Each structure stands twice: as structure tokens, then as C-alpha cells.
There are 2 protein chains.
Amino acid sequence: MKIHREQIISTAIAILDRDGLEGVTLRRVAAELQVRPGALYWHVQNKQELLDEMANVLLSEQFAHFEGLIPGQEWSKWLQEMCLRLRQALLAHREGARVVAGAGFGRAFMLKQLLEITVSSLLAAGFSLRLAFLAWSTTTSYVYGFVIEEQAAPSEDTIRNAQRLQGESMVVAIQREKQEKMYTEDKDFCDGLEVIVDGIRQWRAKQLIYAEEDQEVREQYSTELDSGSREK
Amino acid sequence: MKIHREQIISTAIAILDRDGLEGVTLRRVAAELQVRPGALYWHVQNKQELLDEMANVLLSEQFAHFEGLIPGQEWSKWLQEMCLRLRQALLAHREGARVVAGAGFGRAFMLKQLLEITVSSLLAAGFSLRLAFLAWSTTTSYVYGFVIEEQAAPSEDTIRNAQRLQGESMVVAIQREKQEKMYTEDKDFCDGLEVIVDGIRQWRAKQLIYAEEDQEVREQYSTELDSGSREK
DNA sequence: ACCTGAACACCGTTCAAGT
DNA sequence: ACCTGAACACCGTTCAAGT
């Protein structure tokens, strides 16, 4: 049997969806491909590399054709769209958030690219470099944290505990309100995101004067777009 | 050799700090306690239960004696203090964020308690039930996401990639600014948190009228504090 | 009540040897 | 170039049997 790298990654993702992250095993991937476990090591350095590649695929599904801010567009709409897609990417596959978080910002190539697009879009929308970075860091951290909770398996005994601890009045009240007003996880996510975006908007309004260095960066970036390099 | 539950948990945490999360193995914990692996199963149902307990200990170290909002105190200061402590709890031990995230909001008892304190504190500060929950959800998601990134091992080849991809102008510019202005991870975290708190403040200012149900909840809670139960 | 002994069904990883 | 065979050093979990 002859296999190649992409097959390994895609069957690993198939197993992820079917059996969860702890079911993703090199031996099982090998079995699915009708190959001995050792064979995988010709295509992949180790299990972590496979997991990193899986993370990149999950992100690519949402961001492969994702464009930066268009001149007329509102930055807040664009930023929210970016966050919605990021959440979608993490939710699309079982334990997706854990997979991407496990790969880490460092190892996931797609995330670096997304950072590039985001920060330069916000610079174009009049953000200082600092605030553009803060907007990136704050929103993406939020998305990560939110989805990780969201995807955490409630586990069998969580329900037992919920019953037992009736004294937790807040949890009960919150859940009742959610039912009555039909608030979904989606609604919670979007509202929280809106809170953050409102905070960012406020910061942006307060710092309409940019440091000169930021202006430099903005110019340097736009020249780099059509010219080549320009070493410092 | 005779052991008890707490010893198991504390030596597991010791191993976590020494060898990282993947070093935390029931067999290694057993060896450290001079006991056969099977012996642990009398004190603990399975490995996940041990991990859950570890998560609770990490959180308890910061929140065991954490008080709710004091009447005179500003809610924003209190909320920020809560978030700082949460980050501290996650940072205090190697891969702490992964441990707590792995346990999940459902399984970590301490987190439910913290939710109770937070939401009731914000209600007391004039928040609607909805906004109090949003403030909780948004800030804690942010903290989680931020620390998970923060603790993600950069790995050997991240540096290689950083060198190779010089085209990433934004990453370079951001890192240069951080060095020049001496922005630390702490600074990034606090600024991002401030952005979120500013967003929350704005929402609070806009909804000074509460729904009657919220008022009900607030009253119910305060009576529950000194009286006993009051079933609906 | 609490632990040992011993097994079961798995892992990731390596590497000579085959084709 | 790409895979097999076979091993190594591990895992979590179970359970009769000991004390």
C-alpha cells in the first residue's frame, strides 16, 4: 500500500470526528490506511507534527479564501466576521479547539497568516500598531477560551452535581433566563464579542493621534506589498 | 505503604511541575509513593478524576479565601482582581491552563463557586442578570484563551520558522515595539482586560433599567443568604 | 479497609531488513 | 523511495488474592 502525507492527515481528522481526540492514534490511522504503524514515520516526524497539520487544516477550512478589510467596509464588522469564522473553524470538528490549542499559536502556520491579515487590516482602519495587536490578542483569546468551554464534554456526573447543588442560585437563575428568553450559545458568543468590540472602539476613539513609528510601519508595509524586501 | 487521596493529588502536581502534563502518569505517581499502580484505584476512580482534583487544587490556591464585592468597592477593580488571580492560578503551575481546561468548567467545582461569587457581586453592583453573566463569560473566556497561548511551548522549530518567514512584517513590527517600549505579557494581559472591562462598563451604562425578573433574582438571593431555602 | 501481583489491551517510536 | 517485521519502553485499567 502506498500512501501520502495528506491522506494521513485527512484520515486522522476523520477519526477525530468519529472517536474524539484520544481516539486519534498513529496505530489507528495506520490501520485505517492498511499500513503498519512504522510506515507513518516516513511521512511525518512524530505525532505532534500530525496534530499540528490537523490544526492547520481545520483553520484552512474557514480561512483559506479569507480576505483582509475592504476600504469601504467597517472594521468592526470585519473583525466580528473573523471571530465568527474562527469559532466556526474550532466547532466544525469534535474537540477542534483542543486540537488547535494543542498545536499552539506558534506551530499553527495559518494563525500567523491570520494575524498578518488582521493587524494590517486594522492599521488600514486607523488603529495604532499597539491597539491593532491588542484587538487581535483580545478577540482571539476570547474565541479560544469560549469554544474550549463550549466543547468541554459535560461528563456524566456533571448532571448529578447540578442536581445536588441546588444552593447555587446564580447558575439556576442564569439557566432559567436562558431558557425563557431562548438565549443560545451563539447568542452568548456574539454578545460577548460585541462587548469586546465596543471596548476596542472606545480605545480607538481615544487615540486618534498615532506615534510616528506606527506611521512608519504602515508605510513600510504598503511599500512591501508591491515592491520586494526592504531590510531595516 | 499506606497512602491517602490528598497525597496522590499533591505528588501528581509535583510531577506536573517537574515533567509537564504528559509526565503525569498514574504509574509514575504510584512509583513516587512507593506503591503499585493498581493501589491508586482504591482512592481515585480513574485518571480523569485525578486531573479534575488537580484543577481544583490549582484554583483553590488563588480562590480559597477570595471574597465577593465589598459594598464600597468599585466593581471594575474587583472584576479585574478576579481575572488577575485566575491567570495567576493558571500560571502558577506548568501547563496549568491545560489542566484546568481539560477538567472543564463542568468538572471543576471551584469554578462554579467562583461563578456564584462573581455574578452575585455584579448583581449587587447594579448589573442585570444577563450582563452579569456576560461579564463572567467574556472575561473568563479571555483569561483562559490568553493563558493557553501564553503557556503553549514555543517548540524548537518555532524559532526556525520565525527566522525563515521574514515576510511577516506585522509580527516583526509588533515584536520590535514590544522590545522598545518594554511591553510584557503582563502588560498585554492587563490592557486586553481593560478593553473588555471598558466594553462592559459601556453596556452597564446603557441598561440602567432592569427587567423585573432580575430584581426578583436579586431579592431572592439576598434572602437566601441569611434565611434558608425558598423553593420556587 | 487497603494493597500486591499479574495480567490485558493498548500506546509512540525506532530500525534493520525487505521490495 | 517507501514499507514491513519486530521489538522497546511505556501507558490506563481490572481483579483475584493477600494482609
Side-chain angles (χ1 to χ4, degrees), chain A residues 1-56 94-95 98-99 101-104 107 152-153 155-157, chain B residues 1-56 94-95 98-99 101-104 107 152-153 155-157:
Chain A
M1 258 294 146
K2 198 174 200 165
I3 58 175
H4 53 280
R5 209 167 198 268
E6 307 217 325
Q7 276 179 51
I8 297 177
I9 299 165
S10 64
T11 71
I13 292 177
I15 294 172
L16 174 70
D17 286 330
R18 184 155 43 74
D19 306 329
L21 183 52
E22 80 177 312
V24 177
T25 249
L26 291 183
R27 295 183 111 97
R28 231 182 278 197
V29 172
E32 211 104 329
L33 293 168
Q34 304 186 50
V35 139
R36 306 290 131 191
L40 299 182
Y41 283 83
W42 198 91
H43 300 89
V44 147
Q45 234 177 6
N46 49 36
K47 190 180 179 182
Q48 186 58 55
E49 188 177 303
L50 173 57
L51 290 170
D52 293 352
E53 290 296 349
M54 290 171 69
N56 270 321
R94 189 166 161 186
E95 283 171 282
R98 241 187 266 276
V99 172
R107 283 190 277 258
S155 88
E156 330 79 43
D157 65 10
Chain B
M1 258 296 147
K2 197 175 202 166
I3 58 175
H4 53 282
R5 209 167 198 268
E6 307 217 323
Q7 275 180 52
I8 296 177
I9 299 165
S10 64
T11 72
I13 292 177
I15 293 172
L16 175 70
D17 286 330
R18 183 155 42 74
D19 305 329
L21 183 53
E22 82 176 310
V24 177
T25 250
L26 291 183
R27 295 183 111 99
R28 229 180 279 197
V29 172
E32 210 105 330
L33 292 168
Q34 303 187 48
V35 138
R36 307 288 130 194
L40 300 182
Y41 283 82
W42 198 91
H43 300 88
V44 147
Q45 234 178 5
N46 50 36
K47 190 181 181 182
Q48 187 57 57
E49 189 177 301
L50 174 57
L51 290 169
D52 293 352
E53 291 296 348
M54 288 169 71
N56 270 320
R94 188 163 159 188
E95 282 171 284
R98 239 188 266 275
V99 172
R107 282 190 277 259
S155 89
E156 329 79 43
D157 65 10

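From a predicted model like this one, the values you see are computed outputs, not experimental measurements. Just so we're on the same page: letters track the sequence lines, and every chain starts at 1.
Side chain of A/His43 to main chain of A/Ile3: a donor-acceptor pair is present (N/O by atom type, distance under 3.5 Å, no hydrogens or angles).
Among residues at least two apart or in separate chains, side-chain hydrogen bond (donor to acceptor under 3.5 Å, both in side chains) pairs with a member in residues 7-16 of chain B are B/His4-B/Gln7. Within the structure, salt bridge (Lys or Arg N to Asp or Glu O under 4.0 Å) pairs that include any residue of residues 34-51 of chain A comprise A/Arg5-A/Glu49 (at least two apart or interchain).
Dashed line: the shortest gap from a side-chain N or O of B/Thr25 to OP1 or OP2 of D/dC10 is not under 4.0 Å.
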From CA spacing to verdict: side-chain contact (heavy atoms from CB on, under 4.5 Å), B/Ile9, B/Met54:
CA-CA 6 Å; B/Ile9 299 165; B/Met54 288 169 71; 4.3 Å; yes

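Scanning both residues, A/Tyr41 and A/Leu26, for their nearest heavy atoms gives OH-CD1, 3.2 Å.
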What's touching nucleotides 16-19 of chain D from the protein side, N or O pairs under 3.5 Å?
none

Protein and nucleotides 3-9 of chain D: nitrogen or oxygen contacts under 3.5 angstrom:
from, atom 1, to, atom 2, distance (Å)
D/dC3, OP1, A/Met1, O, 3.0
D/dC3, OP1, A/Ile3, N, 2.7
D/dC3, OP2, A/His43, NE2, 3.3
D/dT4, OP2, A/Arg36, N, 2.8

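Residues meeting the salt bridge (charged side-chain N to carboxylate O under 4.0 Å, His left out) test with A/Asp17, sequence neighbours left out: none. A search for salt bridge (charged side-chain N to carboxylate O under 4.0 Å, His left out) contacts involving A/Arg18 returns A/Glu32, not counting sequence neighbours. Residues forming a side-chain hydrogen bond (donor to acceptor under 3.5 Å, both in side chains) with A/Arg28 (at least two apart in sequence, or on another chain): A/Asp19.
Within 6.0 Å of CD on A/Glu6 lie no more than 12 heavy atoms contributed by other residues, nucleotides or ligands.
Closest to the A/Arg28 side chain, of the nucleotides D/dC11, D/dT13, C/dC11, is C/dC11.
Secondary-structure stems of DNA chain C, taken as three or more successive Watson-Crick or G-U wobble pairs (i with j, i+1 with j-1) under a 3.5 Å distance threshold, comprise C:4-8 with D:12-16, C:12-16 with D:4-8.
Taking atom CZ of residue A/Arg5 and atom P of nucleotide D/dA1, one finds them 17 Å apart after rounding to whole Å.
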